[in-house]
Amino acid sequence: MKKTFWLLDINNELHGDKSEVWMWGIDSEGKRVLIIDRSFQDYFYLVLKEGASSETVTKQITKTTFPMIVKSELVNKKYFGKTVKAIKLYCQNPDVMPKYSKAMRKLDGVNECLEDDLRYSMRYLIDNDIVPCGWHEADVQESMEKVKARTDVIYEAQTAPKRAKDAKQPRLRILGFSLVCYSDKGTAKPDKNPIVVISTATNTGEKKQLVAENENDKDIIASFAEFVRKFDPDLIVGFGTNSHDWSYLIARAKKHGISFFVDRTDTAPHTSVYGHVSLTGRANVDWYDYADELSEVKLKTLENIADYLEAFKREKRKFIDEAEIPLYWQDKQKRPGLLKFSEDNTASIMGISDAMLDFAVQLSALVGLPLDHVGTAAVGFRTEWYLTREAHKIDELVPKRQERPYIPYTGGMVTAPEPGMHENVAVLDFKSMYPNIMITYNISPDTYVPAEDPEPRGGVYVAPEVKHKFRKEPPGLYKTVLTHLIAARDEIRVELGKLSPKSPEYRALDARQKAVKVITNAAYGYTGWVGARWYVKPVAEAAAAWGRETIQQTIKQAQRLGLEVIYSDTDSVFVANEPAKIGKLSQEIGKTLGLEIKPDKVYTRILFTEAKKRYCGLLPNGDLDIVGLEVVRGDWAAVAKNLQERVLEILLKEKSPPKATDYVRKYIADVKSGKVPYGEFIIWKTLTKAPEEYSVKAPHVEAAKLLKKEGLDLTLGDKVGYVIVKGEGKLYTKAKPYMFATEKDVDTEYYVANQVVPAAARILAMFNVREEELYGTRMGKTSLSDFLPEEHE
DNA sequence: GCATGAAAAATACCC
DNA sequence: ACGGGTATTTTTCATGCG
């Protein structure tokens, strides 16, 4: 019988000494199904040395030396674009492949051993062109065997699944949860501190809050697991679950000697590739893993992300800091507040799911990593899996990952801006500059021609400056892949135009388009990543060199046309907004370079200082576009950022430096007289290593040490919020975690001199306002004396 | 011993 | 654990002074 299903999760199981593939999905009737495929044989390749005969090699592979090898065949493959002969060795048990490959690499006539390092389930997906979160069809038979799986039906596959026509995503059952762990002091530790609240919610409107009685969490953990099994979700969502919640739950369950099964095979959650926690048969999704996509959110807390995505009504929330939990838990009067907070957290998680799930699903389907893997996989790995799928289609062997030294290379070009205020400026952007350059010049690991190699038939493209060469023919892996991605995105955008933006179809397609964009844009960065399987430094270097040439030619051509160029960075130029000349420029560049450049936006007015990568533009709709300046940085206190934003607003909208100056003076007075809320003095900085490992004493590191002393855990990557308090000595001695200080401790002098004034002065310096003038308490330059040098006593 | 300025370390941004 | 280019702050180091 034929079965159509949407693939949710995949894993492999050992059945005797043979591996089999388990595919968890939802069929077209909405039934949860498990499809087992026992027919797939894993394999790897031995690449032969040039001129070596395959018999010499196969003779050395015997049943006694390598008993798990069941079959071998001689195949033609490509490796970095060169045709090679390889022996494809089928192996009964995938677990022995790395061991075998290590031994076989040394066999006579063998050059390399490849693709033994691709996981069995990924191998299966790639070879059969199966994508997670996509519809497939297979011939199946209902399984007669007793298999422990919590699904409606279990089938055995008679054929490998094939992709089926795209249809609407099935209705998924989603369960979200969050924990409150309790310790009377410091960060809660699973070996001694209980979980006191588990708040769950489902996308069918069920809600359940479990509260530990007498701080004993045994029952609520059991109830939680039971609730999960009863609801039987396809997706379990949370925030920080991969790094915290699951391991905490497991540790607590273990402590109580109870089982903790929430998956579909009654096995415990386990951490797997890229650090995701795997729940067999379901997809565990941690929305924290998607926080990187939201670069506007500087402090990636659940609250901030929910706010940003409008996933939860901000005004309904009363935020409770980790350090305040004991206060709320111990006080019976305040406890309901904590329970509400926990419920709100889960509601926020569900809201984030609504906003982000489409993207996660599309990313999973595009790169081919299961939904629970794709979020935790770093950008480089997502890109690599996409490339791996495409490489398979063109018979390119997948190189081994290897450690390499890091050697920097020259990247994009940035020109110094014309400082000051400019009226009516257009920003011209190259559309996907690096991807298009890679397509145009066929830049790819498999088209690279080392300097010493003879010139291939069909000729080569030679990169400017660096002189790296790339075969013109045939198209390389990157050209193939990028052409496809760019075309796909263009097609999606056409489709989007036909749909109503509120429809689910639009949302899914828009998410698809975003996923395609993410991978397209990551391709260039991938080429320069030393950890990449396909790392070839000249590839990255050449793309960058052609990029520099492109932007230089564009600037030259613009100037030739009489267009004033104000600034440029990598793939964009800022020019006087003269549409006729811009149209001409765009046309000429298209003709000479084969690349598309067009106006992206127009600023009514724009302000540059002398610095690159920092400016503020006024858009026609009245919005400020602030780039690079303190306002958009996460490591400046709000007290400085707010002021700078207001200063920019006055200057760009009202063009009044005196008014801005006055504003700053009043503001400084407000700061000094304590009219600024405490929260605006907090500075957040990331710990990029463990506090003890720093070679210098830095404020945020010292603050982190104080937190640790109080038992509050901080790990690499966490942000430390601190304030500078009054006192003598180096700055780092005056940094205190914001929870450990109060309004009256704040060293306002420091904030004025080192945050507020610099942020304002940076801008006002362009209008000849000196720093000292900002300190004056008088209201603006009203008399001649205001313009004279300051008098000293 | 100490002021001074350059160098190094650290962070977060832009594209 | 995707790239390089850039601005900025604070700490640390080197140097010269006397």
Side-chain angles (χ1 to χ4, degrees), chain A residues 273-275 292 295-296 298-299 376-387 401 403-404 406-417 427 429-430 432-434 438 518-535 537 539-545 547-548 551 567-574 600 609-615 625-637 640-641 683-689 691 693-702 716-717 719-720 724 729-735 750 753-755 758-759 761-762:
Chain A
V273 274
Y274 310 124
D292 280 348
S295 56
E296 296 92 331
K298 307 294 171 185
L299 189 59
T376 53
V379 179
F381 294 114
R382 292 176 189 170
T383 311
E384 193 155 270
W385 278 114
Y386 184 75
L387 289 171
R401 201 179 299 291
E403 271 197 48
R404 297 187 177 85
Y406 164 76
I407 304 160
Y409 67 92
T410 314
M413 191 189 75
V414 192
T415 60
V427 182
D429 271 336
F430 276 100
S432 305
M433 188 176 79
Y434 286 131
M438 287 157 76
V518 163
I519 298 302
T520 309
N521 290 343
Y524 160 72
Y526 175 83
T527 68
W529 173 37
V530 290
R533 288 177 184 266
W534 274 287
Y535 175 74
K537 196 179 153 218
V539 167
E541 223 167 10
R548 291 192 297 276
I551 204 76
Y567 174 62
S568 77
D569 185 348
T570 314
D571 61 350
S572 64
V573 284
F574 292 52
D600 173 48
T609 67
E610 269 154 16
K612 296 171 176 179
K613 297 186 184 279
R614 319 184 108 212
Y615 55 86
D625 203 5
I626 301 170
V627 180
L629 295 164
E630 283 74 8
V631 177
V632 297
R633 292 184 63 98
D635 58 347
W636 280 70
K641 305 207 292 176
I683 299 168
W684 291 93
K685 275 200 165 79
T686 308
L687 275 185
T688 58
K689 45 186 130 177
E693 280 166 26
Y694 279 81
S695 50
V696 294
K697 302 224 169 203
H700 70 297
V701 179
E702 296 310 299
L716 199 142
K719 291 223 180 199
V720 184
I724 300 300
K730 291 274 191 197
L731 193 64
Y732 62 77
T733 64
K734 304 181 3 148
Y750 166 81
N754 295 63
Q755 291 267 324
R762 185 132 32 240

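Note on naming: letters A, B, ... go to the chains in the order of the sequence lines (proteins, then strands), and numbering restarts at 1 for each one.
By the 4.0 Å N-to-carboxylate-O rule, A:K613 lies close enough to A:D569 to be salt-bridged with it.
Heavy atoms of A:R762 sit under 4.0 angstrom from primed sugar atoms or phosphate atoms, though from no base atom. Among the heavy atoms of the strands, none lies under 4.0 Å from A:A540. Counting non-hydrogen atoms under 4.0 angstrom, A:W534 reaches nothing in the nucleic acid. No contact: A:D429 has no heavy atom under 4.0 Å from any strand. Residue A:K537 is classed as having no contact, given no heavy-atom separation below 4.0 Å to the nucleic acid. Here A:Y615 lies in heavy-atom contact (under 4.0 Å) with sugar-phosphate atoms only. Among the heavy atoms of the strands lying under 4.0 Å from A:V632 are primed sugar atoms or P, OP1, OP2 only; no base atom is included. A:Y406 comes within 4.0 angstrom of the backbone, heavy atoms only, and of no base. The residue A:T410 sits close only to the backbone: its heavy atoms come under 4.0 Å of sugar-phosphate atoms, none of a base. Within the 4.0 angstrom heavy-atom criterion, only backbone atoms of the sugar-phosphate kind lie near A:G412; the bases stay farther away. Counting non-hydrogen atoms under 4.0 angstrom, A:Y750 reaches the backbone sugars and phosphates but no base. Counting any heavy atom pair closer than 4.0 Å across all strands shown, A:G380 reaches sugar-phosphate atoms only and no base atom.
To the nearest 0.5 Å, atoms CG (A:N754) and CD1 (A:I724) are separated by 9.0 Å. Atom CZ of A:R762 sits about 5.5 Å away from atom CZ of A:R614, to the nearest 0.5 Å.
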So which protein nitrogen or oxygen atoms get under 3.5 Å of nucleotides 12-14 of chain C's nitrogens or oxygens?
{"from": "C:dT12", "atom 1": "OP1", "to": "A:K697", "atom 2": "N", "distance (Å)": "3.1"}

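Judged by distance alone, with hydrogens and angles left aside, the side-chain atoms of A:H700 form a donor-acceptor pair with the main-chain N or O of A:T686 at under 3.5 Å. Proximity of a side-chain donor or acceptor of A:K298 to a complementary backbone N or O of A:V632 within less than 3.5 Å is detected.
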Item to check | Stepwise salt bridge (charged side-chain N to carboxylate O under 4.0 Å, His left out) test for A:K734 and A:E702 | outcome: CA-CA 9 Å; A:K734 304 181 3 148; A:E702 296 310 299; over 6 Å; no

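Distances shown here put a side-chain N or O of A:T686 below 4.0 Å from the OP1 or OP2 atom of B:dA12.
Listed nucleotides C:dG4, C:dT10, C:dC2 differ in distance to A:P699; the shortest reach to its side chain belongs to C:dT10. For A:P758, the listed nucleotide lying nearest its side chain is C:dT9; candidates were B:dA10, C:dT10, C:dT9. For A:K298, counting side-chain heavy atoms from C-beta on, the closest listed nucleotide (B:dA10, B:dC13, B:dC14) is B:dC13. Distances from the side chain of A:R614 to the nucleotides B:dA12, C:dT9, C:dA7 place C:dA7 closest.
Applying the salt bridge (charged side-chain N to carboxylate O under 4.0 Å, His left out) criterion to A:R633, with sequence neighbours excluded, gives A:D635. Annotation: side chain to side chain donor-acceptor pair (under 3.5 Å) contacts of A:T688 (sequence neighbours excluded): A:Y694.
With rounding to whole Å, A:Y434 atom OH is found 8 Å from C:dG4 atom C1'. Separating the OH atom of A:Y526 from the P atom of C:dC2 is a distance of 11 Å, rounded to the nearest angstrom. One atom, CZ of A:R633, and another, P of C:dA7, lie 12 Å apart when rounded to the nearest Å. Atom CD in A:E630 sits roughly 18 Å away from atom P in C:dT6 (whole-Å rounding). A:Y524 places its OH atom 8 Å from the P atom of C:dG5, with the value rounded to the nearest Å. Between the NZ atom of A:K612 and the C1' atom of C:dT8 there is a distance of 15 Å, rounded to whole Å. Across the protein-nucleic acid pair, A:K689 atom NZ and B:dT11 atom C1' stand 11 Å apart, rounded to whole Å. Atom pair A:L731:CG and C:dT10:C1' shows a separation of 7 Å (rounding to whole Å applied).
Aromatic ring pairs are classed by plane angle as parallel below 30°, tilted from 30° to 60° and perpendicular above 60°; the pair A:W529 and A:F381 is perpendicular.
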